[in-house]
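Not measured: the values here are computed from a predicted model. Quick note on labels: first sequence line is chain A, next is B, and so on, each numbered from 1.
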Amino acid sequence: MEASTQQDPILRIRSLNAWFGESHAVKDVSLDISPNAVTAIIGPSGCGKSTFIRCLNRLHEEVPSAGAAGEVLLSGMNIYGEGVDPVGIRRKIGMVFQKPNPFPALSIFDNVVSGLRLGGVRRRSILVEVAERSLRQAALWDEVKDKLHAPGTGLSGGQQQRLCIARALAVDPPVLLMDEPTSALDPIATAKIEELVLELKKQVTIVIVTHNMQQAARISDRTAFFLMGELVEYGETSTVFTVPKEERTERYITGKFG
Amino acid sequence: MIRHIDQGLSQLNQKLLTMAGLVEQAVECATDAWRFRNMAKIADVYSIERRVNQCHLDVDAACVQLLALQAPMAKDLRFIVSCIKINNDLERMVDLAVNIANNTEFYLQAPTAIHIEDLSQMSDEVRIMVREVLDAFVKTDERLARRVLSRDDRVDAYKRKIVEDCLGQMKNKPDRIEQGMNLIFIAKNLERIGDHATNIAEDVIFSASGQDIRHAVPTPPKENDSAE
Amino acid sequence: MKSAQIHAYLSENYTRRRWVDRGMRLVLFLCAVAALVPLFSVLGYVLFRGVPGLNLDFFTQIPRPVGEAGGGMANSLVGTCILVATASLLGIPWGIAAGVYLSEYGRTKTAHVVRFATDILASVPSIVIGLFIYALFVVPMGGFSALAGGMALGVLMIPTVARSTEEMLRLVPTHIREAGLALGLPRWKVILRVVLRGCVSAITTGVMLAIARVAGETAPLLFTALNNRFWSDSLTQPIASLPVQIYSYAIAPFEEWHTQAWAGALVLVLLVFVINIGSRVFFRGDAIGRE
């Protein structure tokens with residue numbers, strides 16, 4: 001765990017601000033994300049944690065009236081720099097959403113390779129290879145290898161979510177953002193996703209938003225606590241959950257809010 | 001906001017306090033038995049020990065249940081973990097009080113007496129330590145807990161001196177060897193009660209502040225309890 | 001009120017409420033039945049009057065002059081097909097494009113104006129559309145034509161197709177679009193290849209309903225495609241169509257023609273019926289429809 005913090009951060013966030021129209025959703029947040037580690041973002045509903053990670057792949061700005069400002073350096077390059085194409089950024093920073101969202105009317109195979117195919121890759125052999133690799137990475141291969149051409153929406157919720165993870169991994173992003181990926185899943189499917197996250201961090205950097213503090217405690221190396229758009233505390237997960245520095249963190253994780 | 005876990009935590013706290021009160025009583029009885037040559041107090045120690053053993057089981061069960069069902073975090077987590085450790089220390093303390101009672105029993109049965117001035121003072125010091133550390137626990141008072149730590153050095157000094165005195169007397173008069181040994185055992189057991197009080201003080205500090213001050217300077221070798 | 005009182009109160013009223021409930025249900029059921037009566041009486045009557053006029057000639061012959069027996073509406077059938085095809089070619093891409101715009105970029109002021117205009121267009125009487133094409137196209141071109149007829153029907157299709165496309169696209173949840181964007185795909189590609197693809201069959205349903213609607217239109221054709229007693233497959237010539245043919249036969253004073261008009265009406269109703277049912281069956285197999 002300690003080793004991860006010694007490496008140079010893969011994402012450096014500096015004075016990031018985000019808005020929805022007039023409301024200031026993320027307030028001047030700065031933090032570093034270590035490579036090959038799991039960083040958990042926790043906080044009560046509406047604290048800006050989802051907005052925060054949606055700023056990291058510039059998806060936030062797709063919402064009408066939403067805006068963001070600040071610096072997010074991906075391996076040194078500011079993704080909010082002038083002339084930077086958000087479309088290119090999103091290939092490097094993948095995302096998995098709260099609700100499993102396989103593309104409707106597409107088969108499992110077509111879902112996994114959609115990023116590549118629509119991105120211009122035509123060679124069947126490449127698509128087949130990537131599909132298998134991604135599905136294996138997402139621990140879904142064994143369950144779907146015999147029905148790759150069945151519709152993706154026919155899978156169970158947990159399988160759909162792993163399909164979405166495979167789809168995100170297929171374009172080989174160094175960073176994967178996960179926005180409450182298990183909130184719509186049952187405990188068994190949740191456990192599988194959590195195992196998967198721990199396995200995946202060997203290859204990708206994961207930033208995960210979660211409502212479930214036990215989940216953050218189980219799978220993350222570092223934890224950031226957000227409250228009303230501000231970053232209250234950021235540190236090693238083991239420290240944050242046993243000896244939080246801030247009173248507000250303490251009150252939140254022991255359930256004393258309200 | 002009153003949380004469900006708060007009820008469990010206060011029950012645990014109550015159990016541990018009852019147990020601590022009994023342990024304090026046991027230490028007092030054991031030392032009084034020696035000091036006032038009172039055999040009745042020895043019987044008291046034995047009966048208290050049985051009650052403390054029951055508390056030991058109760059507190060452990062309560063801790064495991066809270067950990068399993070409430071998934072405590074931060075302060076709550078530190079409190080429960082400290083309770084588990086304090087529980088063990090208290091149980092060891094009552095065992096040591098029983099040892100003292102044993103030694104005293106032998107000591108009182110023998111005809112000869114050795115006069116060791118410091119043993120009374122040492123037992124007073126240990127009793128104060130025990131009372132203070134329990135106070136610190138009740139009030140989660142970090143400063144009081146730190147004061148307990150400083151008392152431990154004095155207790156250790158008393159013990160060294162008593163051992164020296166006994167050895168000196170034993171060398172001169174071989175018929176005092178058995179009695180001398182009993183006194184050395186009593187001092188040794190008192191000293192170890194003090195050690196456990198120190199452990200509890202450290203746990204109180206951890207529970208209150210999250211600081212782990214055990215094995216502080218120089219760098220600790222490995223996580224190992226100070227008791228052998 | 002104590003809970004015992006509440007329970008007593010509730011059980012006192014239970015019998016009464018059960019009867020009110022039954023009464024209401026009966027009233028609603030009768031209303032529903034009443035709504036079906038016109039539909040089935042129209043169908044039954046058209047069937048009753050139309051079947052005698054149906055024969056092979058009806059589908060293969062063109063109209064005979066007054067007084068001659070026999071003849072059919074073959075040219076009108078073909079004409080309707082040509083008109084609908086032309087209308088579809090003009091109206092469907094236009095309508096779908098408008099629908100995509102409204103759904104995907106529909107939060108701007110312009111879009112609100114467009115949406116409002118589309119709704120207005122949908123409620124403009126079809127004869128006005130016919131007049132509009134007449135003034136804009138028929139007069140400058142110097143004559144009635146199949147193309148003009150197709151255009152009028154096409155314009156009629158646009159609002160229906162646009163609004164149904166918009167509705168269907170809106171059924172595709174936002175997070176599906178975001179998933180596409182998060183893969184590093186440009187928005188237009190996400191819309192075309194993911195969102196539209198996901199509801200192709202739903203949109204097809206909307207399109208078929210629009211076709212069914214314009215296939216039976218008469219008024220806009222009176223000023224545009226007019227009618228033709230002979231075979232014609234030219235877009236620049238007036239062309240026959242089922243509705244107009246039915247209209248002109250129905251107002252004529254000949255019993256023979258009346259029979260044919262009823263047969264034409266039956267064919268038209270069946271055509272619209274088949275398209276409607278077909279579109280519904282089609283929609284059932286859709287991914288969005290299933291969700």
So which part of [X] gets closer than 4.5 Å to some heavy atom of chain C, the side chain, the backbone, both or neither?
X	answer
A:Leu118	both
A:Ile89	neither
A:Pro102	backbone

side-chain hydrogen bond (donor to acceptor under 3.5 Å, both in side chains) pairs, two or more places apart, involving residues 79-92 of chain C: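 side-chain hydrogen bond (donor to acceptor under 3.5 Å, both in side chains) check on residues 79-92 of chain C returns no pairs.
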For the student: nearest non-hydrogen atoms of C:Gly198 and A:Ala105, plus distance: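 Between these two residues, the closest heavy atoms are CA-CB, 4.1 Å.
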Enclosure of [X] [atom1] (heavy-atom neighbours >12, cutoff 6.0 Å):
X	atom1	answer
A:Glu129	CD	no
A:Trp19	CH2	yes
A:Tyr80	OH	yes

Hey, can you pull the donor-acceptor pairs under 3.5 Å for the side chains in residues 176-187 of chain C, sequence neighbours left out?
| unit_1 | atom_1 | unit_2 | atom_2 | d |
| --- | --- | --- | --- | --- |
| C:Arg177 | NE | C:Glu104 | OE1 | 2.7 |
| C:Arg177 | NE | C:Glu104 | OE2 | 3.2 |
| C:Arg177 | NH1 | C:Val172 | O | 2.8 |
| C:Arg177 | NH2 | C:Glu104 | OE2 | 2.8 |
| C:Arg177 | NH2 | C:Leu169 | O | 2.8 |
| C:Glu178 | OE1 | A:Arg54 | NH1 | 3.0 |
| C:Glu178 | OE2 | A:Arg54 | NH1 | 3.3 |
| C:Glu178 | OE2 | A:Arg54 | NH2 | 2.5 |
| C:Arg187 | NE | A:Glu62 | OE1 | 3.4 |
| C:Arg187 | NH2 | A:Glu62 | OE1 | 3.1 |

Chain C contacts, top residue of A:Asn101, A:Val63, A:Leu106 (heavy-atom pairs, under 4.5 Å):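 Between A:Asn101, A:Val63, A:Leu106, the count favours A:Asn101.
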